[in-house]
There are 2 protein chains.
Amino acid sequence: MPDPDLAFAAHDHAHCAHDALTRAEAVTAAAGARMTPVRRRVLEILLEEHKALGAYDVLARLATEGFGNQPPVAYRALEFLVEQGLAHRIQRLNAFTACVHPGQDHAPAFLICRTCHTVAEAEATAARASLDAEAARAGFQVERSTIEALGLCPNCRGQA
Amino acid sequence: MPDPDLAFAAHDHAHCAHDALTRAEAVTAAAGARMTPVRRRVLEILLEEHKALGAYDVLARLATEGFGNQPPVAYRALEFLVEQGLAHRIQRLNAFTACVHPGQDHAPAFLICRTCHTVAEAEATAARASLDAEAARAGFQVERSTIEALGLCPNCRGQA
DNA sequence: CTATGTATGTAATATCATAACACGTCAAGA
DNA sequence: TCTTGACGTGTTATGATATTACATACATAG
Ligand SMILES: [Zn+2]
Ligand SMILES: [Zn+2]
Ligand SMILES: [Zn+2]
Ligand SMILES: [Zn+2]
């Protein structure tokens with residue numbers, strides 16, 4: 001049950017981020033995976049804003065904090081988070097964003113504002129169902145799908 | 001009106017490709033754009049198969065045929081084709097595929113087989129409508145959207 | 001404590017993409 | 001006719017994104 005406008009609305013983001021982090025710990029524990037310092041820190045960095053960060057942006061942050069400064073350090077942590085469903089990859093941006101409601105099984109669509117670069121997770125059940133149905137008509141079995149929209153968020157729309 | 005299983009079905013592909021090329025000429029003429037040798041050749045290369053090719057794959061082909069062998073040569077031609085609606089960019093693959101029905105206004109979904117790498121264009125009107133509606137609920141105005149599915153095509157499914 | 005699997009660090013390299021500039025062609029318009 | 005400007009192409013150089021391979025450290029189970 002994603003709240004589609006969470007990222008665009010004013011909200012208590014400290015609580016929002018802290019809550020996501022808490023859930024993330026629970027998710028990894030339940031999966032028997034290890035939430036190590038690098039991984040936790042990467043998730044925290046992604047959670048700072050409802051935006052997507054490139055692997056090298058994350059890496060630069062890590063490097064200043066005493067972690068390794070080579071690309072695999074960032075890519076491995078990001079890959080782990082994505083596998084655990086704690087972060088998502090935004091294909092259009094070659095970048096990553098923290099999941100705002102980890103632990104719940106979901107496959108969202110992403111709304112990317114071309115002006116302020118905010119990224120929101122929206123419910124995509126209906127769109128996915130349409131896509132799966134259309135694919136099935138061709139005999140194609142969908143395993144994973146990417147649904148991303150580029151446009152103007154409510155805030156930036158108001159200013160235009 | 002894309003035929004969603006065209007790419008997966010046995011068909012007279014020579015005719016399929018030739019037809020797309022003919023339409024492409026008409027599209028560019030109508031737009032007052034120039035279908036130059038490099039651009040035409042790139043489109044022909046993309047039309048050889050219902051797959052996506054990376055810019056450097058295209059470039060390698062061009063280079064052996066006496067065209068320039070530097071990346072901008074390929075990227076510029078590909079960008080032109082995408083702008084004219086004669087090719088599509090597949091975000092998941094960082095690659096390009098020829099449009100199978102140029103000239104018609106369309107914004108398809110792509111079905112990408114993870115085994116044989118065939119890429120099919122499927123109708124995405126319903127999925128896009130769902131996405132736009134969900135975005136609108138958040139006050140987000142969609143300008144462009146990317147819908148791509150990864151999975152198994154009918155042929156590869158049969159073999160599994 | 002020691003073996004095993006897992007995580008991290010690092011060097012090197014591969015892959016994807018763009019900026020900047022030079023040159024050639026062609027078609028207005030002076 | 002000559003000039004000019006738009007456009008396309010070629011090339012150099014660089015930037016941005018991502019992976020392979022190998023070494024080291026660390027946790028935990030036996
Ligand atoms: Zn928040
Ligand atoms: Zn915005
Ligand atoms: Zn065909
Ligand atoms: Zn296939």
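Per chain, numbering begins at 1; letters A, B, ... match sequence-line order. No experiment lies behind these values; they were computed from the predicted model shown.
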> Classify B:R39 by what it touches in the nucleic acid, base, sugar-phosphate, or nothing, heavy-atom distance under 4.0 Å.
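Touches sugar-phosphate only.
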> Nearest whole angstrom, please: distance from the C1' of D:dT14 to the CD of B:Q70.
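Computing the B:Q70:CD to D:dT14:C1' distance gives 12 Å.
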> Atom CD of A:E79 to atom P of C:dT6: distance rounded to whole Å?
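These atoms are roughly 14 Å apart.
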> Rounded to whole angstrom units, what separation is found between the CG atom of A:N94 and the P atom of C:dA14?
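The answer, rounded to whole Å, is 21 Å.
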> Above 12 or not: heavy atoms from other molecules or residues under 6.0 Å from NE2 of B:H11?
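More than 12 within 6.0 Å, yes.
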> What is the separation between atom CG on B:L62 and atom C1' on D:dT11, rounded to the nearest whole Å?
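From B:L62 CG to D:dT11 C1': 15 Å.
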> Around atom NE2 of B:H13, are there more than 12 heavy atoms of other residues, nucleotides or ligands at under 6.0 Å?
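Above 12, so yes.
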> Would you check if the side chain of A:R76 reaches a backbone N or O of A:P71 as a donor-acceptor pair within less than 3.5 Å?
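The answer is no, because no donor-acceptor pair under 3.5 Å joins these two groups.
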> Using only atom types and a distance under 3.5 Å, with no angle test, would you say the side chain of B:R128 pairs donor to acceptor with the backbone of B:P108?
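A pair under 3.5 Å: yes.
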> Using heavy atoms to find the nearest nucleotide of DNA chain D for B:A77 and A:P71 separately, return the residue whose nucleotide is more 5′.
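Closer to the 5' end of DNA chain D: B:A77.
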> Closest nucleotide of DNA chain C for B:P72 versus for B:L93: which of these residues is on the 5' side?
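Looking at the nearest nucleotide for each, B:L93 comes out on the 5' side.
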> Using whole Å, report how far CG of B:N69 lies from C1' of D:dT12.
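So the two atoms are 11 Å apart, to the nearest Å.
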> Using the aromatic ring of B:Y56 (for Trp, its six-membered ring), decide whether it stacks on the base of C:dT15 within the limits of 5.5 Å and 30°.
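Whether judged by distance or by angle, B:Y56 falls short somewhere, so it does not stack on the base of C:dT15.
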> If I take atom OH in residue A:Y75 and atom C1' in nucleotide C:dT8, what distance separates them, rounded to the nearest angstrom?
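Between C1' of C:dT8 and OH of A:Y75: 17 Å.
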> Taking CZ from B:R34 and C1' from C:dC26, how many angstroms apart are they, rounded to a whole number?
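Spelled out: CZ on B:R34 to C1' on C:dC26 is 7 Å.
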> Could you state the atom-to-atom distance from CD1 of B:I90 to P of C:dC16 in whole Å?
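So the CD1-P distance, B:I90 to C:dC16, works out to 14 Å.
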> Looking only at side-chain atoms of B:T36, point me to the closest of D:dG8, D:dA21, C:dA20.
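Nearest to the side chain of B:T36 among the choices is D:dG8.
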